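Presented below is the structure to which this report refers.
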Amino acid sequence: MALLSIILPSYNEEQNIANTAKVLAGLLEKEQIDYELIFVSDGSKDKTYEEILKAAAENPKVKGAEFSRNFGKEASIFAGLQIALGDACIVMDCDLQHPPAVIPKMWNLWQQGFEVVEGIKSDRGKESLGYKLSAGLFYKVMSKLIKMDMNASSDFKLIDRKVVNVLLELKERNTFFRALTFWAGFRTTTVEYEVQERQFGESKWSMISLMKYAITNATSFSTLPLQLVTVMGVVSIVFSVILAIQTLVKYVMGTAVEGFTTVILLVLIIGGLIMVSLGIIGHYLARIYEEVKGRPKYIISKVTDNVQGNIVGKA
Ligand code: UDP
Ligand code: MG
């Protein structure tokens, strides 16, 4: 019988673990799907891991791991994929904002032969203005670049074992799970779902962390900002040639341009452009530096006894 692994990244979710484990176990038993639940505590500061241990004691199909510190949601997803033994894996939030009722649908599509089942948010209207200006804007640009609707797509998806293995073999440190399944290809379909309200605890994303996430992902998936630097350079060269000719002509005709204002404006504008360009290049350099060091994406400090295989930090 095929095994389904459900991967649940969890950061400070002590209030959610028990309930989520119960809801999912109930559903999957009713649907007669063989499953395992993998909770990856992302260096939680509350009792999340203790809650996972409790859930595992009650249900042997619950597995868990704890990170040595907070490494971010991407890292917890990848640790979960590493631990998973399933023929198919579903990644979902452990606050049940991704409705469990979609799981059987994904499972059926997988049994029909689809290797990637993308969860697509059907209700996208009520995002805040701040979101629309930052992450939302970024997703629009990204959507154009990689030809997928980033605003509607999410981390809620089912992936086949083949795809899991492809993702686990990627050497990059700065991963972007949401887009990587598109990049990987395979036989793909979608299911729509409605994002639920969070019942317990609060969202871990601040405006700043969303912005950071957006920038990291933009630079890990596209080199367009670097090309933008070149474009800015070319545009200012064209302008300077025109301005130089005009200035020289005026000079020869004896009516030189009124000096200081023009000069100070030019110096400031060009100076600004140069600094921004250096910043962009610096950002890519930092990314390369991080990748070259080749440090692991995460460090696991603890795992539950039922976790198999050679997992880093396993006792
Ligand atoms: N999460 C995580 N590490 C983090 C932040 C969040 O593993 O550093 C998990 C979190 O526990 C949840 C999921 O990622 O299961 C989505 O986070 P959250 O619900 O806070 O985000 P939102 O739903 O508001 O976008
Ligand atoms: Mg949430």
Side-chain angles (χ1 to χ4, degrees), residues 5-24 37-52 55 62-84 89-100 102-103 119-128 130-132 134-136 138-139 150-157 173-179 193-217 296-303:
S5 302
I6 300 197
I7 292 146
L8 303 126
S10 324
Y11 178 50
N12 294 347
E13 305 276 11
E14 58 179 6
Q15 291 161 297
N16 282 311
I17 305 290
N19 179 50
T20 301
K22 203 180 77 209
V23 170
L24 292 179
L37 304 181
I38 302 171
F39 289 94
V40 182
S41 169
D42 186 5
S44 300
K45 291 174 187 67
D46 63 2
K47 295 215 159 34
T48 300
Y49 191 66
E50 281 83 345
E51 285 295 323
I52 297 173
V62 172
K63 297 180 175 179
E66 170 76 292
F67 283 174
S68 62
R69 64 167 168 86
N70 183 244
F71 279 89
K73 187 179 175 187
E74 287 286 318
S76 355
I77 293 175
F78 275 82
L81 292 174
Q82 185 80 61
I83 292 170
C89 295
I90 289 182
V91 173
M92 68 188 286
D93 289 358
C94 83
D95 53 12
L96 293 187
Q97 282 192 285
H98 296 154
V102 176
I103 294 174
I120 300 286
K121 295 180 230 163
S122 58
D123 50 348
R124 287 178 285 138
K126 50 185 183 209
E127 277 136 1
S128 68
Y131 179 87
K132 276 188 189 139
S134 58
F138 155 74
Y139 284 144
M150 294 295 299
N151 246 328
S153 69
S154 65
D155 291 332
F156 186 25
K157 48 184 104 196
R173 226 185 76 95
N174 286 299
T175 50
F176 186 21
F177 178 68
R178 195 174 296 192
Y193 74 91
E194 230 165 87
V195 181
Q196 310 294 306
E197 292 291 326
R198 183 185 255 276
Q199 279 184 323
F200 308 107
E202 51 194 38
S203 172
K204 311 296 176 304
W205 292 97
S206 63
M207 211 60 239
I208 297 204
S209 61
L210 266 179
M211 288 282 270
K212 270 197 197 151
Y213 184 69
I215 293 174
T216 316
N217 294 331
K297 287 192 197 74
Y298 52 82
I299 302 169
I300 292 179
S301 62
K302 289 176 245 174
V303 289

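Nothing fancy with the numbering, it's 1 onward along the sequence. Because only heavy atoms are used, hydrogens play no part in the values below, and waters and symmetry mates are left out as well, while side chains stay in. Both ligands and their constituent atoms are indexed starting at 1 by order of listing. Because the structure is predicted, anything quoted here is derived from the model rather than measured.
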Aromatic centroids of Tyr193 and Phe156 separated by under 6.0 Å: yes
Donor-acceptor contact below 3.5 Å, side chain Thr175 vs main chain Phe177: no
Donor-acceptor under 3.5 Å (Ser68 side chain, Ile300 main chain): no
N/O donor-acceptor pair under 3.5 Å between Ser10 side chain and Ser41 backbone: no
Side-chain (Asp46) to main-chain (Glu14) donor-acceptor, under 3.5 angstrom: yes
Main-chain N/O of Gly64 paired to Lys302 side chain as donor or acceptor, under 3.5 Å: no
Residue contacts for ligand 1, heavy atom to ligand atom, distance under 4.0 Å: Pro9, Ser10, Tyr11, Glu13, Asp42, Asn70, Gly72, Lys73, Ser76, Asp93, Cys94, Asp95, Gln97, Arg198, Ser203, Lys204, Trp205
Tyr49: ring-ring contact (aromatic ring centres under 6.0 Å, His included) partners, not counting sequence neighbours: none
Total protein N, O or S atoms, the Mg ion (ligand 2), separation less than 2.8 Å: 2
By side-chain contact (heavy atoms from CB on, under 4.5 Å) - contacts of Asp93 (at least two apart): Lys73, Asp95, His98
Asn70 side chain to Gly43 backbone, donor-acceptor under 3.5 Å: no
